[in-house]
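These notes concern the structure reproduced below.
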Amino acid sequence: GAVVSQHPSRVICKSGTSVKIECRSLDFQATTMFWYRQFPKQSLMLMATSNEGSKATYEQGVEKDKFLINHASLTLSTLTVTSAHPEDSSFYICSATGQGASGFPDTQYFGPGTRLTVL
Amino acid sequence: EDQVTQSPEALRLQEGESSSLNCSYTVSGLRGLFWYRQDPGKGPEFLFTLYSAGEEKEKERLKATLTKKESFLHITAPKPEDSATYLCAVQEKSSASKIIFGSGTRLSIRP
């Protein structure tokens, strides 16, 4: 299999607070994890790519100091939205590739997503 | 610049009415093409990976095909539960696992 989980599934927070989202690969080792955000009726926009034990690579226009990514182990990556504001409200989705993920190299397997609402 | 274009943007079919979704791509060298299904409020669900022109993959009522410039997702005798957004994504040979998504096709199957 290739199962990816995310926690929490939805979160509501006040403006100015920080929110942490966890992404876990449950049955394979995720050497690379990706973080996307998705606005209503739009496709996925890649925010950053992270390899286990290395600093994340951010896409152009994504503030690395605002969206902190940590990939400390082969099964866990976290995205922290710091000092969140209403414009950060979105659907955040992680994905992972790695060893043992159903035998398809390079295929990204996605988590269920986290709905963030900043009041 | 690498590009992925999906058409149509939306498609409404009657239950049992077969059709095809298109994904046209422009990359300097294709490493892989991926099809995903996404239901509202959920993450994309993996369907197929295609690697070379002429390759075909099937799963239940879905069949994906690949040429050097495009991929088709054929849906045969669809059911209402096939309603979803279908996303196509491509990976370039030099991209080291990063993929580029198309904007998706919203498929609606009426009973």
Side-chain angles (χ1 to χ4, degrees), chain A residues 1-7 9-10 21 23-25 28 30-52 54 56-60 90-99 101-117, chain B residues 1-10 21 23-25 27 29-52 55 57 59 64 66 71 84-108:
Chain A
V3 181
V4 177
S5 70
Q6 267 183 257
H7 179 81
S9 57
R10 60 177 63 232
I21 302 170
C23 176
R24 294 181 185 271
S25 58
F28 67 101
T31 49
T32 306
M33 284 185 163
F34 306 83
W35 287 94
Y36 294 83
R37 67 188 295 183
Q38 186 176 35
F39 292 105
K41 296 193 176 182
Q42 293 187 26
S43 193
L44 284 75
M45 183 188 79
L46 179 66
M47 299 175 66
T49 302
S50 73
N51 293 295
E52 184 263 339
S54 302
T57 301
Y58 291 81
E59 294 299 301
Q60 193 171 12
S90 189
F91 191 51
Y92 292 87
I93 314 174
C94 72
S95 70
T97 63
Q99 296 288 337
S102 294
F104 290 106
D106 302 322
T107 296
Q108 291 186 27
Y109 295 91
F110 286 81
T114 297
R115 174 74 58 193
L116 171 63
T117 302
Chain B
E1 183 182 333
D2 298 341
Q3 282 193 322
V4 182
T5 304
Q6 289 188 246
S7 61
E9 186 176 316
L21 313 182
C23 172
S24 298
Y25 63 91
V27 291
L30 181 69
R31 185 181 179 98
L33 184 141
F34 310 89
W35 282 99
Y36 292 88
R37 166 192 171 129
Q38 186 176 25
D39 292 298
K42 296 187 177 180
E45 174 191 343
F46 170 70
L47 294 175
F48 304 110
T49 303
L50 301 167
Y51 292 104
S52 57
E55 191 175 359
K57 296 266 178 80
K59 179 180 178 181
L66 180 65
S71 176
T85 294
Y86 290 85
L87 297 168
C88 169
V90 299
Q91 183 183 28
E92 192 192 21
K93 282 185 177 176
S94 62
S95 73
S97 74
K98 174 180 169 180
I99 62 177
I100 301 168
F101 276 92
S103 54
T105 293
R106 292 192 305 278
L107 178 64
S108 176

Under the side chain to side chain contact (heavy atoms under 4.5 Å, CB included) rule, collect the residues that match up with Ser103(B), sequence neighbours excluded.
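Residues passing side chain to side chain contact (heavy atoms under 4.5 Å, CB included) with Ser103(B): none at all.
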
With a 4.5 angstrom heavy-atom cut-off, could you sort out which part of Gln6(B) is near chain A: side chain, backbone, both or neither?
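Neither part.
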
If we define contacts as heavy-atom pairs under 4.5 Å, which of Pro40(B), Gly104(B), Gly41(B) has the most with chain A?
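Most heavy-atom pairs under 4.5 Å with chain A: Gly41(B).
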
Measure distances from Gln38(A) to the heavy atoms of chain B and classify the residue's part below 4.5 Å as side chain, backbone, both or neither.
side chain

Nearest heavy-atom contact between Pro112(A) and Phe91(A) is O-CZ, 3.3 Å

With sequence neighbours excluded, what pairs up with Tyr92(A) under the ring pair (Phe, Tyr, Trp, His ring centres under 6.0 Å) test?
none

Would you please classify the geometry between the Phe101(B) ring and the Tyr36(B) ring as parallel, tilted or perpendicular, with 30° and 60° separating the classes?
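Answer is tilted, since the angle falls between 30° and 60°.
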
